[in-house]
Structures are given as C-alpha cells and as structure tokens.
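Remarks on the structure that follows.
Naming: A, B, ... by sequence-line order, numbering from 1 per chain.
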Amino acid sequence: QKEVEQNSGPLSVPEGAIASLNCTYSDRGSQSFFWYRQYSGKSPELIMSIYSNGDKEDGRFTAQLNKASQYVSLLIRDSQPSDSATYLCAVSSTGTASKLTFGTGTRLQVTL
Amino acid sequence: GAVVSQHPSWVICKSGTSVKIECRSLDFQATTMFWYRQFPKQSLMLMATSNEGSKATYEQGVEKDKFLINHASLTLSTLTVTSAHPEDSSFYICSAPSGNLPEQFFGPGTRLTVL
C-alpha cells in the first residue's frame, strides 16, 4: 500500500522564522510531489509542485525533493501568522493527471 | 491556477434522503475529476475518479451504489449520496487537473450533515 507520512505536529515557529515541513513516501516509483495548504474548514490550496531532485523556490516557499531518500520537504521563510494552517504532502505515481495520495498533514502554528 | 466550484457549499438533510453535490471546472475542461471525503482532523481520502463519458472508478471500500458519480460533460461531475445516514456526514471535496498536468485544483468543498 502506498503511504505518505508526515509528522502531525503542531509545529510551532515564531513569526519571521523558517518553518520546515517534512514528508516521506513509500512508493519509489512516485514522480510528482505536491504541497497543499489547508486552513481549518476550507479545502486544500496548491502551494508547490516539484518533479525532479533538488530545490524549487517560489517566493517565501522552497520545496526540496530527494528521490533516493524518498522524502520531500517544504521550507517557509519569514513565517507569518497567516501561514498557520495544515500542510498536506501529496504524491502521484505518474507525471500526468492521476490520483494523489495524501499524508495526514502537519499543523503549523506561527506565533507572534 | 484553474478554478473549480462546488455546489452547495453546505447541506443538511434527513437520514434516508439523497443529496447531490456538483463539481464544475469554470475556466478549463476536465476529462477527469476526483472526489474526496475528509472527516474531522483526518486527511483527504480519495473516494473515486470521475471520468467524462464513462463509469467512475471507485476506491476500495467505497460503495458505488451508495455514492453515485456522473460526469456527463467536460466541466461537470456530480456526486449523489443515496440514502444518507449520519455516518456519511463529512466534508466532500472535488478536484480536477487542468490539462494534462499533474497538478490538481480543489473545489471549495461541500459540508454534508445528515440528521
């Protein structure tokens, strides 16, 4: 069974600090990796997607992928209170549109 | 990103009744849509893959006769919860990929409460 694992948290970081969120996956054939942000009572919102090993940066967000170690991470620089949410890691076995397997999510709390 | 809408955003129904939830892609066509269910403090669980013009593919453990899916056009998929019971109360969310890219965009979700 394909699994995606995340620490449920909560991960508490002070405002302005770097938040580091981690995710491991079991299917070595996975090709597409995503980070979604979900506020309480809302649906997930796509934050980052990454397909190849290395780093991908978009504003304050950096996704990191290491296929050999089967982990993907999300760094949030200059964390803001509005970043407080649950971050879901999702993995797809293909490089095209297909179903996603989600982790249970990490709850991030950014404190003032 | 692509925009996906859902209707209704919330619904309360009596046990034994059926509820239909619509999922629409507003600015793109989607041959495939996905239906998820999320219980409180849990992650998203894929229920089924909706395919335009053909039968839906259901995940293991999801009753196809209870959760009817119809994908009659390239912009609309519907999920009907038949003979709803209190244990069906949940947050139902659809998603769709835009084009052939793997990114999926989620609708705002429908909160179903069965009394």
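By the criterion of side-chain heavy atoms lying less than 4.5 angstrom apart, applied directly or through intervening Ile, Leu, Val, Met, Phe, Trp or Tyr residues, A:Tyr25 is not grouped with B:Met45; the two fall into different hydrophobic clusters. A:Leu46 and B:Leu44 fall within the same hydrophobic cluster, defined by Ile, Leu, Val, Met, Phe, Trp and Tyr side-chain heavy atoms under 4.5 Å apart, directly or through other members. Put simply, B:Phe106 and B:Leu46 are part of the same group of oily side chains (I, L, V, M, F, W, Y) that touch within less than 4.5 Å, one to the next. The same ILVMFWY cluster, assembled from side-chain heavy atoms under 4.5 Å apart, contains both A:Leu74 and A:Leu11. Under a hydrophobic clustering in which Ile, Leu, Val, Met, Phe, Trp and Tyr are joined whenever their side-chain heavy atoms come within less than 4.5 Å, directly or via other members, B:Phe28 and B:Phe34 fall into the same cluster.
Counting non-hydrogen atoms of neighbouring residues, nucleotides and ligands closer than 6.0 angstrom, the NZ atom of B:Lys20 reaches no more than 12 such neighbours. Heavy atoms of other residues, nucleotides or ligands lying less than 6.0 angstrom from NZ of B:Lys55 number 12 at most.
In this structure, chain A has no heavy atom under 4.5 Å from any part of B:Gln6. In this structure, chain B has a heavy atom under 4.5 Å from the side chain of A:Leu88, while its backbone stays farther away.
Heavy atoms only, all atoms of each residue included: A:Ser49 and B:Glu103 are closest at OG-OE2, 3.0 Å.
Contacts with chain B were tallied for A:Lys42, A:Glu45, A:Gln38, A:Gln6; A:Gln38 has the most, counting heavy-atom pairs under 4.5 Å. Ranked by heavy-atom pairs shorter than 4.5 Å toward chain B, the options A:Gly103, A:Gly105, A:Ser43, A:Gly41 are led by A:Ser43.
Proximity to chain A at a heavy-atom threshold of 4.5 Å picks out nothing from residues 7-14 of chain B. Heavy-atom neighbours of chain A within the stretch residues 74-94 of chain B, taken at a separation under 4.5 angstrom, comprise B:Phe91, B:Ile93.
Under the 4.5 Å side-chain criterion, counting only non-hydrogen atoms from C-beta, B:Pro102 is in contact with A:Phe34.
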